[in-house]
Protein chains: 2
Amino acid sequence: MDTFDQTLAALADPTRRAIVQRLGGGEIRVTDLAKPYAMSLNAVSKHIRVLENARLVRRRRAGREHFLSLDPQPIEAIGVWIAEQKAVWAARLQSLDALLQAEDADAINHGKTGHD
Amino acid sequence: MDTFDQTLAALADPTRRAIVQRLGGGEIRVTDLAKPYAMSLNAVSKHIRVLENARLVRRRRAGREHFLSLDPQPIEAIGVWIAEQKAVWAARLQSLDALLQAEDADAINHGKTGHD
DNA sequence: CTATTGTTCAACCCATAGGTTGAATATAGC
DNA sequence: GCTATATTCAACCTATGGGTTGAACAATAG
(Lines give C-alpha, C1' and ligand atoms only; values in the text may rest on other atoms or scores of the structure.)
Protein backbone atom coordinates (compact mmCIF):
# COMPACT_ATOMS: atom_id res chain seq x y z
CA MET A 1 0.00 0.00 0.00
CA ASP A 2 1.53 3.32 -1.01
CA THR A 3 1.12 6.51 0.99
CA PHE A 4 -1.76 7.75 -1.11
CA ASP A 5 -3.71 4.55 -0.50
CA GLN A 6 -2.92 4.83 3.19
CA THR A 7 -4.16 8.40 3.35
CA LEU A 8 -7.50 7.51 1.82
CA ALA A 9 -7.87 4.38 3.92
CA ALA A 10 -7.00 6.34 7.06
CA LEU A 11 -9.63 8.98 6.28
CA ALA A 12 -12.27 6.37 5.47
CA ASP A 13 -12.78 5.79 9.20
CA PRO A 14 -15.06 8.33 10.93
CA THR A 15 -13.14 8.19 14.21
CA ARG A 16 -9.94 9.01 12.38
CA ARG A 17 -11.58 11.83 10.43
CA ALA A 18 -12.79 13.25 13.74
CA ILE A 19 -9.24 13.07 15.07
CA VAL A 20 -7.92 14.83 11.99
CA GLN A 21 -10.55 17.52 12.38
CA ARG A 22 -9.67 17.98 16.03
CA LEU A 23 -5.96 18.23 15.26
CA GLY A 24 -6.77 20.89 12.71
CA GLY A 25 -7.28 23.11 15.75
CA GLY A 26 -3.77 22.46 17.02
CA GLU A 27 -1.64 20.10 19.08
CA ILE A 28 -3.23 17.81 21.63
CA ARG A 29 -2.20 15.05 24.06
CA VAL A 30 -3.15 11.43 23.36
CA THR A 31 -5.24 11.07 26.49
CA ASP A 32 -7.14 14.31 25.89
CA LEU A 33 -7.71 13.33 22.30
CA ALA A 34 -9.13 9.97 23.38
CA LYS A 35 -11.50 11.38 26.02
CA PRO A 36 -14.59 12.02 23.82
CA TYR A 37 -14.65 8.58 22.24
CA ALA A 38 -16.69 5.65 23.45
CA MET A 39 -13.79 3.26 22.84
CA SER A 40 -10.77 2.31 24.89
CA LEU A 41 -7.64 4.42 24.96
CA ASN A 42 -5.89 1.53 23.28
CA ALA A 43 -8.24 1.68 20.35
CA VAL A 44 -7.58 5.38 19.92
CA SER A 45 -3.87 4.70 20.19
CA LYS A 46 -4.21 2.29 17.28
CA HIS A 47 -6.07 4.87 15.22
CA ILE A 48 -3.29 7.34 15.91
CA ARG A 49 -0.80 4.77 14.71
CA VAL A 50 -2.69 4.38 11.45
CA LEU A 51 -2.72 8.15 10.98
CA GLU A 52 1.01 8.31 11.67
CA ASN A 53 1.73 5.59 9.13
CA ALA A 54 -0.24 7.61 6.61
CA ARG A 55 1.92 10.64 7.56
CA LEU A 56 -1.21 12.54 8.50
CA VAL A 57 -0.16 12.93 12.11
CA ARG A 58 3.15 13.73 13.78
CA ARG A 59 4.10 13.02 17.36
CA ARG A 60 6.17 15.19 19.72
CA ARG A 61 7.22 13.49 22.96
CA ALA A 62 7.48 15.68 26.06
CA GLY A 63 8.27 13.44 28.97
CA ARG A 64 5.58 10.83 29.29
CA GLU A 65 3.11 12.89 27.31
CA HIS A 66 2.81 12.60 23.54
CA PHE A 67 1.54 15.63 21.67
CA LEU A 68 -0.01 15.05 18.29
CA SER A 69 -0.25 17.45 15.40
CA LEU A 70 -1.64 17.35 11.91
CA ASP A 71 0.40 17.23 8.74
CA PRO A 72 -1.91 18.60 6.06
CA GLN A 73 0.25 17.56 3.12
CA PRO A 74 -1.31 14.15 2.42
CA ILE A 75 -4.78 15.65 2.51
CA GLU A 76 -3.69 18.28 0.05
CA ALA A 77 -2.33 15.53 -2.17
CA ILE A 78 -5.83 14.09 -2.32
CA GLY A 79 -7.11 17.52 -3.22
CA VAL A 80 -4.65 17.57 -6.09
CA TRP A 81 -5.78 14.15 -7.29
CA ILE A 82 -9.39 15.30 -7.25
CA ALA A 83 -8.47 18.41 -9.21
CA GLU A 84 -6.78 16.18 -11.78
CA GLN A 85 -9.88 14.06 -12.11
CA LYS A 86 -11.99 17.15 -12.60
CA ALA A 87 -9.65 18.22 -15.37
CA VAL A 88 -10.20 14.88 -17.10
CA TRP A 89 -13.98 15.26 -16.89
CA ALA A 90 -13.78 18.83 -18.13
CA ALA A 91 -11.62 17.81 -21.09
CA ARG A 92 -14.09 15.11 -22.02
CA LEU A 93 -17.09 17.43 -21.83
CA GLN A 94 -15.23 19.94 -23.94
CA SER A 95 -14.46 17.41 -26.67
CA LEU A 96 -18.06 16.18 -26.59
CA ASP A 97 -19.12 19.77 -27.09
CA ALA A 98 -16.71 20.21 -30.01
CA LEU A 99 -18.11 17.06 -31.56
CA LEU A 100 -21.67 18.34 -31.33
CA GLN A 101 -20.71 21.65 -32.87
CA ALA A 102 -18.92 19.88 -35.72
CA GLU A 103 -22.07 17.83 -36.33
CA ASP A 104 -24.15 20.99 -36.40
CA ALA A 105 -21.80 22.60 -38.93
CA ASP A 106 -21.94 19.47 -41.04
CA ALA A 107 -25.74 19.45 -40.91
CA ILE A 108 -25.86 23.08 -42.02
CA ASN A 109 -23.58 22.29 -44.97
CA HIS A 110 -26.10 19.65 -45.99
CA GLY A 111 -29.00 22.05 -45.62
CA LYS A 112 -30.54 20.68 -42.43
CA THR A 113 -30.20 21.59 -38.74
CA GLY A 114 -29.98 18.30 -36.90
CA HIS A 115 -32.43 19.75 -34.38
CA ASP A 116 -36.25 19.44 -34.34
CA MET B 1 -20.79 3.07 7.04
CA ASP B 2 -22.24 6.24 5.52
CA THR B 3 -21.75 7.23 1.90
CA PHE B 4 -18.82 9.48 2.64
CA ASP B 5 -16.96 6.65 4.37
CA GLN B 6 -17.77 4.40 1.44
CA THR B 7 -16.44 6.89 -1.06
CA LEU B 8 -13.11 7.19 0.72
CA ALA B 9 -12.84 3.45 1.27
CA ALA B 10 -13.69 2.81 -2.37
CA LEU B 11 -10.99 5.20 -3.55
CA ALA B 12 -8.42 3.74 -1.16
CA ASP B 13 -7.95 0.78 -3.51
CA PRO B 14 -5.64 1.44 -6.47
CA THR B 15 -7.59 -0.83 -8.83
CA ARG B 16 -10.74 1.09 -8.08
CA ARG B 17 -9.00 4.43 -8.51
CA ALA B 18 -7.77 3.23 -11.89
CA ILE B 19 -11.33 2.30 -12.81
CA VAL B 20 -12.58 5.70 -11.74
CA GLN B 21 -9.89 7.35 -13.81
CA ARG B 22 -10.78 5.25 -16.82
CA LEU B 23 -14.47 6.06 -16.46
CA GLY B 24 -13.57 9.73 -16.38
CA GLY B 25 -13.02 9.32 -20.11
CA GLY B 26 -16.57 8.08 -20.67
CA GLU B 27 -18.78 4.99 -20.61
CA ILE B 28 -17.27 1.54 -20.92
CA ARG B 29 -18.39 -2.11 -20.87
CA VAL B 30 -17.53 -4.32 -17.91
CA THR B 31 -15.48 -6.77 -19.98
CA ASP B 32 -13.50 -4.02 -21.68
CA LEU B 33 -12.92 -2.35 -18.36
CA ALA B 34 -11.61 -5.59 -16.86
CA LYS B 35 -9.23 -6.39 -19.71
CA PRO B 36 -6.11 -4.53 -18.48
CA TYR B 37 -6.13 -6.00 -14.99
CA ALA B 38 -4.18 -9.02 -13.86
CA MET B 39 -7.11 -10.32 -11.87
CA SER B 40 -10.18 -12.33 -12.79
CA LEU B 41 -13.24 -10.72 -14.30
CA ASN B 42 -15.08 -11.68 -11.14
CA ALA B 43 -12.69 -9.65 -9.04
CA VAL B 44 -13.25 -6.60 -11.24
CA SER B 45 -16.99 -7.20 -11.02
CA LYS B 46 -16.69 -7.01 -7.24
CA HIS B 47 -14.75 -3.77 -7.43
CA ILE B 48 -17.47 -2.34 -9.64
CA ARG B 49 -20.02 -3.37 -7.05
CA VAL B 50 -18.11 -1.50 -4.36
CA LEU B 51 -17.96 1.60 -6.55
CA GLU B 52 -21.69 1.36 -7.22
CA ASN B 53 -22.47 1.08 -3.52
CA ALA B 54 -20.41 4.21 -3.00
CA ARG B 55 -22.50 5.86 -5.76
CA LEU B 56 -19.33 6.55 -7.70
CA VAL B 57 -20.40 4.44 -10.66
CA ARG B 58 -23.69 4.01 -12.47
CA ARG B 59 -24.70 1.09 -14.65
CA ARG B 60 -26.71 1.16 -17.86
CA ARG B 61 -27.85 -2.25 -19.14
CA ALA B 62 -28.06 -2.71 -22.91
CA GLY B 63 -28.96 -6.31 -23.55
CA ARG B 64 -26.32 -8.52 -22.04
CA GLU B 65 -23.79 -5.71 -21.91
CA HIS B 66 -23.49 -3.41 -18.90
CA PHE B 67 -22.10 0.05 -19.55
CA LEU B 68 -20.54 1.84 -16.64
CA SER B 69 -20.22 5.56 -16.13
CA LEU B 70 -18.80 7.80 -13.45
CA ASP B 71 -20.81 9.90 -11.06
CA PRO B 72 -18.43 12.66 -9.97
CA GLN B 73 -20.60 13.94 -7.13
CA PRO B 74 -19.14 11.84 -4.28
CA ILE B 75 -15.63 12.80 -5.32
CA GLU B 76 -16.61 16.43 -5.30
CA ALA B 77 -18.03 15.92 -1.81
CA ILE B 78 -14.57 14.86 -0.69
CA GLY B 79 -13.18 17.98 -2.32
CA VAL B 80 -15.61 20.01 -0.24
CA TRP B 81 -14.56 18.25 2.95
CA ILE B 82 -10.92 18.97 2.18
CA ALA B 83 -11.75 22.62 1.53
CA GLU B 84 -13.46 22.74 4.92
CA GLN B 85 -10.41 21.32 6.62
CA LYS B 86 -8.21 23.87 4.92
CA ALA B 87 -10.50 26.58 6.22
CA VAL B 88 -10.00 25.27 9.75
CA TRP B 89 -6.22 25.31 9.36
CA ALA B 90 -6.31 28.79 7.87
CA ALA B 91 -8.47 30.06 10.73
CA ARG B 92 -6.05 28.63 13.25
CA LEU B 93 -3.00 30.14 11.55
CA GLN B 94 -4.77 33.45 11.41
CA SER B 95 -5.53 33.44 15.13
CA LEU B 96 -1.95 32.39 15.86
CA ASP B 97 -0.84 35.35 13.81
CA ALA B 98 -3.16 37.69 15.67
CA LEU B 99 -1.75 36.37 18.93
CA LEU B 100 1.81 37.05 17.83
CA GLN B 101 0.94 40.56 16.72
CA ALA B 102 -0.75 41.23 20.06
CA GLU B 103 2.40 40.05 21.82
CA ASP B 104 4.52 42.32 19.67
CA ALA B 105 2.29 45.28 20.48
CA ASP B 106 2.49 44.41 24.16
CA ALA B 107 6.26 44.15 23.96
CA ILE B 108 6.46 47.57 22.30
CA ASN B 109 4.31 49.05 25.06
CA HIS B 110 6.88 47.70 27.51
CA GLY B 111 9.76 49.09 25.49
CA LYS B 112 11.15 45.88 23.97
CA THR B 113 10.71 44.07 20.65
CA GLY B 114 10.52 40.39 21.44
CA HIS B 115 12.76 39.80 18.45
CA ASP B 116 16.58 39.50 18.46
C1' DC C 1 11.23 4.09 46.95
C1' DT C 2 6.57 3.75 45.73
C1' DA C 3 2.38 5.04 43.72
C1' DT C 4 0.16 7.23 39.89
C1' DT C 5 -0.29 8.83 35.33
C1' DG C 6 0.49 8.52 30.23
C1' DT C 7 1.20 5.60 26.69
C1' DT C 8 2.30 1.49 24.06
C1' DC C 9 2.81 -3.63 23.25
C1' DA C 10 0.90 -8.27 22.76
C1' DA C 11 -2.52 -11.58 22.27
C1' DC C 12 -6.84 -12.45 21.02
C1' DC C 13 -11.79 -12.09 18.63
C1' DC C 14 -14.82 -11.33 14.96
C1' DA C 15 -16.22 -9.05 10.76
C1' DT C 16 -14.91 -7.54 6.32
C1' DA C 17 -11.99 -7.05 2.06
C1' DG C 18 -9.93 -8.77 -1.92
C1' DG C 19 -9.02 -12.50 -4.37
C1' DT C 20 -10.03 -17.33 -6.30
C1' DT C 21 -12.98 -21.01 -8.83
C1' DG C 22 -17.21 -22.99 -10.46
C1' DA C 23 -21.99 -22.58 -11.47
C1' DA C 24 -26.00 -19.79 -12.80
C1' DT C 25 -28.39 -16.40 -15.56
C1' DA C 26 -29.47 -13.51 -19.59
C1' DT C 27 -28.91 -12.20 -24.19
C1' DA C 28 -27.22 -12.70 -28.97
C1' DG C 29 -26.04 -15.19 -33.19
C1' DC C 30 -26.66 -18.90 -36.26
C1' DG D 1 -32.84 -24.89 -30.33
C1' DC D 2 -27.97 -24.76 -29.53
C1' DT D 3 -23.79 -22.44 -28.65
C1' DA D 4 -21.16 -18.64 -27.41
C1' DT D 5 -20.71 -14.27 -24.95
C1' DA D 6 -21.49 -10.98 -21.00
C1' DT D 7 -22.15 -10.78 -16.50
C1' DT D 8 -23.32 -12.01 -11.78
C1' DC D 9 -23.95 -15.23 -7.77
C1' DA D 10 -22.17 -18.39 -4.30
C1' DA D 11 -18.80 -20.59 -1.67
C1' DC D 12 -14.47 -20.49 -0.12
C1' DC D 13 -9.59 -18.79 1.54
C1' DT D 14 -6.43 -15.73 3.70
C1' DA D 15 -5.09 -11.29 5.27
C1' DT D 16 -6.33 -7.11 7.53
C1' DG D 17 -9.09 -3.83 10.45
C1' DG D 18 -11.10 -2.30 14.48
C1' DG D 19 -12.08 -3.46 18.81
C1' DT D 20 -11.14 -5.76 23.48
C1' DT D 21 -8.27 -6.87 27.79
C1' DG D 22 -4.09 -7.33 30.43
C1' DA D 23 0.66 -6.47 30.96
C1' DA D 24 4.69 -3.60 30.20
C1' DC D 25 7.26 0.53 30.11
C1' DA D 26 8.39 5.52 31.08
C1' DA D 27 8.15 9.57 33.67
C1' DT D 28 6.30 12.48 37.24
C1' DA D 29 4.75 13.20 42.15
C1' DG D 30 4.85 12.35 46.96
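Numbered from 1 within each chain, the chains take letters A, B, ... in sequence-line order. Here the structure is a predicted model, which means the values were calculated and not measured. Values reported hereafter were calculated over all heavy atoms of this structure, with side chains retained and with hydrogens, waters and symmetry mates removed.
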Colleague: What about A/Asn42: does its side chain form a donor-acceptor pair under 3.5 Å with the base of D/dT21?
Modeller: yes
Colleague: Reckon B/Arg61 touches a base, only the sugar-phosphate, or nothing at all at heavy-atom distances under 4.0 Å?
Modeller: nothing
Colleague: Does the D/dA27 base have a donor-acceptor partner in the side chain of A/Arg64 within less than 3.5 Å?
Modeller: yes
Colleague: Where the side chain of B/Arg29 meets the backbone of B/Glu65, is there a donor-acceptor pair that is under 3.5 Å apart?
Modeller: no
Colleague: As a test of reading the structure: which of C/dG19, D/dA6, D/dT20 is closest to the side chain of B/Thr15, going by heavy atoms?
Modeller: C/dG19
Colleague: Compare the minimum distances between each of D/dT20, C/dC9, D/dT8 and the side chain of A/Met39, then state the nucleotide with the smallest one.
Modeller: D/dT20
Colleague: Is it true that, when you exclude A/Arg17 itself, more than 12 heavy atoms of the residues, nucleotides or ligands shown sit nearer than 6.0 Å to its CZ?
Modeller: yes
Colleague: Can you identify which nucleotide, out of C/dT21, D/dT7, C/dG6, has its nearest atom closest to the B/Ser40 side chain?
Modeller: C/dT21
Colleague: Out of D/dT20, D/dT7, C/dG6, which has the shortest distance to the side chain of A/Glu65?
Modeller: C/dG6
Colleague: Can you confirm whether B/Arg92 is buried at CZ, in the sense that more than 12 heavy atoms of other residues, nucleotides or ligands lie under 6.0 Å from that atom?
Modeller: yes
Colleague: Does the D/dG17 base have a donor-acceptor partner in the side chain of A/Lys46 within less than 3.5 Å?
Modeller: no
Colleague: In plain terms, say whether B/Arg55 and B/Asp71 are close enough for a salt bridge, that is, a side-chain N and a carboxylate O under 4.0 Å apart.
Modeller: no
Colleague: Using a 4.0 Å heavy-atom cut-off across all strands, classify A/Asp13 as base, sugar-phosphate, or nothing.
Modeller: sugar-phosphate
